[in-house]
Structure formats: structure tokens, C-alpha cells
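We count ligands from 1, going down the list as the structure has it; atoms in each ligand are counted the same way. What's counted below: heavy atoms across the whole structure, side chains too, no hydrogens, waters or symmetry copies.
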Amino acid sequence: MRIDVLTVLPGLFDCFLREGVIGRAISSGKVDVRVHNLRDFTTDKHRVVDDVPYGGGPGMVLKPEPIFRAYEELTKEGEKPFVILTEPWGERFNQEMAKELSEKPRLLIICGRYEGVDERVKAIVDREVSIGDYVLTGGELPAMVIMDAVLRLVPGVLGNRESLEADSFSDRGLLGYPNYTRPARFRGMEVPDVLLSGHHAKIERWRKEQSLRRTLERRPEVIERLKREGLLTEEELEILRKIEEEREVGED
Ligand SMILES: C[S@@+](CC[C@H](N)C(=O)[O-])C[C@H]1O[C@@H](n2cnc3c(N)ncnc32)[C@H](O)[C@@H]1O
């Protein structure tokens, strides 16, 4: 997979692209990430990328010309990228979208800054994406969030040590189960016995129960949806009945 990023602050990506899982995926050539300085696509002496908003008001707006020029330059060869513009009013980013984007051969992420980008840039954008209902100073952090979630889903990026299936939201939207590592006893807190038992079927069942329990507590609407759509197994429904019975007893 290839991802191009268009930004006025390319330096913000340095650590992100060098360290950890993403850094390894890039250095081993599993993914190709290229960060471009929007100023490199200007034609004036001062490399100006922004201008005052028509109609007045505070702040500056990213001009359309350098963005279109960058787009044309970057799409001259090879596959046309799927173009994302980071915007607070965009479609809310989630695991499902990350999965969908990870299947695209090429992405181009445009990072807004200042008051945002000239509306006409939308002509080259396939999807406006928000990472949450709050306003950041620019689209660089959203671009990193999107890349991190997308790239770890690209086959070969995560090693064997990191499993995707057990992650929250990966399996029908269920949340993940609790994890423990050594020591078995720490400051009076114990690891659940079942995890020390070596009994794989029991561990599997315990994890399933914990995942359902956590989802029911924190995201009850997910359980409701899975029930409605008939997406839970008999075993899962039985575990949920047991949890709900326990709750009723607790309330008495
Ligand atoms: C200060 S914001 C612009 C806010 C915009 N004027 C508004 O009314 O929402 C500057 C840029 O940061 C990025 N940005 C800020 N918050 C974001 C979010 N929650 N998700 C995605 N991008 C965001 C966008 O690229 C945006 O164009």
C-alpha cells in the first residue's frame, strides 16, 4: 500500500514514520509512505499556501492552487489514489472505515490547517474524515491516527506477536478482553486462575465472556445490534443470559 500525505508541517510526521510498528513496516518496504510539503507545490517566491477568507473573518484559508498542483503531480503516474481530506465535520473515523481504507492500494491524505481549506478542493476529495467531535489545529494528527489504524491492518505489517482478531471492534464490534502478563501476583492483585490453568478451551471461553461483559457494560448498543441481526452464536447468547441473570441478582 502507498500513502501520500500533503501538509504544511511535514516535520510533524518524522517520529511517527520512524518508530514502532509503522517505522518497521516502512523500513522493511511493506508499505510506502511519502510526506509532501504543500509549499513545494507553490509557484511564488514566498511559497505562500494560504490567503484571507472571502467575506472577511478571522484566520487564513489554504489556497486551492497548490493542493490541485500537488494532486496533479502525485497522480501523474500509477494508480489514482483514494483522496481523504481531514475535517472536523467529516465522516467519523472508525475501525470499519480503517478496514475499508486498508484495502485501497493507494491513499492521499490532505491535512487542513488554519481555518481550513478552500471549499473547491472538495472536487478532488473522495471522503472527508473526522477523528472526533473536537477541533484540532491541523489535520496532521488526524492523518497519523488514520494511517496508524489503516497500516496495522495491511497484511504483514503486524508481527505474530500482535493479533488483530482479538482487538476491540474487529470481531463484529465487540470490545477486547482483559490482558495480564507476569508476575502472577502483583501488589496483592492476582491474575485470574483460568489464565494460569493452561486449559485452552476454558481460556477461550473466559475471554469470550470478558469481551461480551465489557461490551455489554460499555457499549450496550453493540450487543443490541448483534442480537437484532442474529450475529451472536448460541454460546454467546448463553453467556449473555448468564451475565444478565447475575446483574438481576446483584440488583435485588
Ligand atoms: C482549526 S481546524 C478548522 C476548523 C474549521 N474552521 C471548522 O469550522 O470546523 C484546521 C484543520 O484541522 C483539521 N482538523 C481539526 N480538527 C479535526 C478533526 N476532529 N478531525 C479531522 N481533522 C481535523 C482539519 O484539516 C481542519 O481543516
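- Ile67 is listed as a side-chain neighbour of Ile124, based on a closest heavy-atom distance under 4.5 Å.
- Note: Gln95 CD to Asp167 CG = 7.0 Å, rounded to the nearest 0.5 Å.
- Electrostatic pairing of Glu238 and Arg205 counts as a salt bridge here, judged by a charged N lying under 4.0 Å from a carboxylate O.
- The shell of residues lying under 4.0 angstrom from ligand 1, judged by heavy atoms, excludes Phe93.
- Of all the heavy atoms of Trp89, the ones lying under 4.0 Å from any atom of ligand 1 belong exclusively to the side chain.
- Comparing heavy-atom distances from atom 13 (C) of ligand 1 across Gly138, Pro58, Ala143, Cys111 singles out Gly138 as nearest.
- Rounding to the nearest 0.5 angstrom, the gap separating the CE atom in Met144 from the CG atom in Leu151 is 13.0 Å.
- Protein heavy atom nearest atom 10 (C) of ligand 1, with residue, atom name and distance: Tyr114 O, 3.2 Å.
- Closest to atom 4 (C) of ligand 1, if we only count protein heavy atoms, is Val135 CG1, 3.9 Å.
- Ring planes of Phe41 and His36: perpendicular class, angle over 60° (limits at 30 and 60°).
- The protein atom (non-hydrogen) at minimum distance from atom 16 (N) of ligand 1 is Leu136 N, 2.9 Å.
- Counting atoms of ligand 1 from 1 in the listed order, those under 4.0 Å from a heavy atom of Gly139 are 12 (O), 13 (C), 25 (O).
- Within the set Thr86, Val117, Ile146, the minimum heavy-atom distance to atom 24 (C) of ligand 1 is found for Thr86.
- Only side-chain heavy atoms of Pro142 come within less than 4.0 Å of ligand 1; its backbone N, CA, C and O stay farther off.
- Only the backbone of Thr137 comes within contact range of ligand 1, with a heavy atom under 4.0 Å; no side-chain atom does.
- Looking from atom 5 (C) of ligand 1 to the surrounding protein, the closest heavy atom is Glu115 O, 3.7 Å.
- Summarising the geometry, atom CG belonging to Leu6 is positioned 14.0 Å from atom CZ belonging to Arg34; distances are rounded to the nearest 0.5 Å.
- When heavy-atom distances to ligand 1 are checked against a 4.0 Å cut-off, Asp133 has no atom that comes that close, whether in backbone or side chain.
- Annotation: atom 9 (O) of ligand 1 to nearest protein heavy atom, Pro88 CG, 3.4 Å.
- With hydrogens left out, the protein atom closest to atom 20 (N) of ligand 1 is Ile131 N, 3.1 Å, a heavy atom.
- Protein heavy atom nearest atom 27 (O) of ligand 1, with residue, atom name and distance: Glu87 OE1, 3.2 Å.
- Nearest non-hydrogen protein atom to atom 19 (N) of ligand 1 is Tyr134 O, 2.8 Å.
- Ion pairing between a basic and an acidic side chain is recognised when a charged N comes within 4.0 Å of a carboxylate O; Glu229 and Arg172 show no such pairing.
- When the options Thr75, Asp32, Asp4 are evaluated for a side chain to side chain donor-acceptor pair (under 3.5 Å) with Arg106, the one that passes is Asp4.
- Per-residue contacts place Gly116 under 4.0 angstrom from the following atoms of ligand 1 (heavy atoms of the residue considered): 27 (O).
- Residue Met1 holds its CE atom at 9.0 Å from NZ of Lys104, rounded to the nearest 0.5 Å.
- Contact check on Lys122 versus Glu119 returns a salt bridge, with a Lys/Arg side-chain nitrogen under 4.0 Å from an Asp/Glu carboxylate oxygen.
- The closest approach between a heavy atom of Val129 and any atom of ligand 1 is below 4.0 Å.
- One finds a salt bridge joining Glu209 and Lys242 here, because a Lys/Arg side-chain nitrogen approaches an Asp/Glu carboxylate oxygen to under 4.0 Å.
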